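Keep in mind that what you see is a predicted model, and the values were worked out from it rather than measured. A, B, ... follow the sequence lines: proteins, then strands. Residue 1 opens every chain. When reading the values below, keep in mind they use all heavy atoms of this one structure, side chains included, and skip hydrogens, waters and symmetry mates.
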Number of protein chains: 2
Amino acid sequence: MAMGRPREFDVDKALDLALQVFWSKGYEGASIADLTETMGITKPSLYSAFGNKEELFRKALDRYVDGPGGYFQVALAKPTIRAVVEHLLYESADAVTGPDHPPGCLAVQGALTCGDAAESIKQELVSRRAKGEQDLRERFERAIAEGELPQGSDAADLAAYLSAILQGMAVQAAGGTTREQVRKIAEMALRTWPPPPDLATV
Amino acid sequence: MAMGRPREFDVDKALDLALQVFWSKGYEGASIADLTETMGITKPSLYSAFGNKEELFRKALDRYVDGPGGYFQVALAKPTIRAVVEHLLYESADAVTGPDHPPGCLAVQGALTCGDAAESIKQELVSRRAKGEQDLRERFERAIAEGELPQGSDAADLAAYLSAILQGMAVQAAGGTTREQVRKIAEMALRTWPPPPDLATV
DNA sequence: TCACTTATCTAACGATCGGTAGGAAATTGG
DNA sequence: CCAATTTCCTACCGATCGTTAGATAAGTGA
């Protein structure tokens with residue numbers, strides 16, 4: 001079946017290497033030269049296999065979400081809301097400080113700001129973060145309905161609050177904060193969890 | 001005294017405009033063309049007045065810290081630790097969603113990641129964030145010494161925790177989250193403040 | 001008025017950006 | 001062995017990057 005000259009590199013391995021570059025330098029900071037050098041392929045090979053820089057980033061992002069970022073969906077599937085939050089915090093702390101990949105979170109630092117040319121990538125990351133927060137919100141809604149959280153708790157607010165803490169941990173990690181220190185942030189957040197509903201608005 | 005042809009633009013106003021550009025696009029995303037266009041001056045004027053792109057950014061950053069970011073030091077000077085934390089959270093929520101400037105925080109989104117050429121700018125921002133966290137830590141140490149916080153509280157952990165929340169709020173704002181929603185994050189953080197010391201480590 | 005200083009502008013610099021033509025090399029099917 | 005197909009690489013594309021040379025204009029001090 002496979003006709004023509006066979007590809008000499010592993011597409012998935014190359015994509016993993018591209019992911020590392022985008023993760024550490026961001027979309028704009030990662031040049032095609034950076035990428036091809038790390039991936040061990042030439043520019044025409046990159047373009048033939050992945051389309052262009054933007055498509056390559058999107059494929060790397062998908063791979064990130066299913067790989068190093070996969071703990072997020074795993075955490076959401078935990079049986080109790082307490083376990084969900086615990087796993088999100090602890091796994092995030094470890095994920096953003098993993099020793100085998102760049103620090104931080106691709107969805108945060110891939111393009112938090114950018115020039116005009118990368119605007120659509122930035123929007124893609126905004127959407128991904130919003131999607132994660134939305135999934136979290138729905139999980140909280142279920143927990144409230146099942147009586148796992150106090151009456152009057154606002155699922156959207158809880159999701160925004162926890163998302164902010166996770167993103168803050170990612171910023172800290174991107175700046176070089178150690179795994180131990182980031183874990184302490186997670187522990188402190190957990191020590192106060194859940195924040196009680198705002199009685200003033202009930 | 002003033003010899004030579006007088007400058008035709010206001011350096012401080014031009015710097016404020018440059019700040020807006022760096023704030024919304026980040027260091028790498030802001031091109032010299034973007035900057036000169038917004039500042040209303042030509043490239044040679046920019047270079048003669050500000051040195052180069054890196055120096056311009058550092059000057060804009062100083063201006064940011066003393067201007068839109070000035071609430072941070074103001075908050076630290078509040079008399080009670082409760083007031084410090086309240087002001088940090090509320091003023092941050094408003095600052096990162098201010099209607100008269102780009103959303104988010106320059107110290108976070110100016111260069112969270114970048115290419116090799118901007119590495120020193122990224123480090124500068126890492127240092128600034130660390131400095132803010134250190135100032136906060138010292139304020140917490142004072143509060144603990146004065147009995148304003150529970151025995152066994154760890155000032156460094158509290159500072160890292162609060163810093164992460166503030167940075168998370170900045171990420172949310174950079175993604176377009178509304179002022180009302182960011183304020184709710186601040187309120188929730190305040191509702192659980194202060195996190196109790198970890199009894200397991202005492 | 002005339003040197004001196006500084007700011008202004010147009011026009012360009014070399015380097016790098018993302019992206020591609022075009023031909024040689026390696027495989028499959030006939 | 002030969003066409004067809006696909007990947008490989010070298011070399012190059014135009015555009016943009018940050019930065020500057022060089023000439024002109026507008027002030028000050030003598």
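Both Gly4(B) and Ala33(B) lie close to DNA chain D; mapped to their nearest nucleotides by heavy-atom distance, the more 5′-ward contact belongs to Ala33(B).
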Name the atoms and distances for all side-chain donor-acceptor pairs under 3.5 Å in residues 67-77 of chain B, with sequence neighbours left out.
unit_1, atom_1, unit_2, atom_2, d
Tyr71(B), OH, Ser92(B), OG, 2.8
Gln73(B), NE2, Asp135(B), OD2, 3.2

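Scored by the side chain to side chain contact (heavy atoms under 4.5 Å, CB included) test, Thr42(B) finds Pro44(B), Ser45(B) as partners (sequence neighbours excluded). By the side chain to side chain contact (heavy atoms under 4.5 Å, CB included) test, Ile121(A) pairs with Tyr27(A), Glu54(A), Phe57(A), Arg58(A), Ala111(A), sequence neighbours left out. With sequence neighbours left out, the side chain to side chain contact (heavy atoms under 4.5 Å, CB included) criterion links Ala14(A) to Phe9(A), Met39(A), Phe50(A). Scanning for ring-ring contact (aromatic ring centres under 6.0 Å, His included) contacts around His101(B) gives Trp23(B), with sequence neighbours left out.
The salt bridge (Lys or Arg N to Asp or Glu O under 4.0 Å) contacts involving residues 69-78 of chain B comprise nothing, where partners must be two or more places apart or lie in separate chains. The list of salt bridge (Lys or Arg N to Asp or Glu O under 4.0 Å) pairs with a residue in residues 106-118 of chain B, not counting sequence neighbours, reads Lys25(A)-Asp116(B). Pairs passing the side chain to side chain donor-acceptor pair (under 3.5 Å) check and including a residue from residues 181-195 of chain B, sequence neighbours excluded, read Asp94(B)-Arg183(B). Judged as a salt bridge (Lys or Arg N to Asp or Glu O under 4.0 Å), the pairs with a partner in residues 81-90 of chain B (not counting sequence neighbours) are, in order, Arg82(B)-Glu86(B).
Of the residues in residues 23-32 of chain B, those with a non-hydrogen atom less than 4.0 angstrom from any atom of DNA chain D are Ala30(B), Ser31(B), Ile32(B). For DNA chain C, the residues of residues 6-17 of chain A within the heavy-atom distance limit of 4.0 Å (strictly under) are Pro6(A), sorted by number. Of the residues in residues 38-56 of chain B, Lys43(B), Pro44(B), Tyr47(B), Asn52(B), Lys53(B) come within less than 4.0 Å of DNA chain D through at least one heavy atom, sorted by number.
Looking only at distances, a side-chain donor or acceptor of Thr97(A) sits under 3.5 Å from a matching main-chain atom of Ala93(A).
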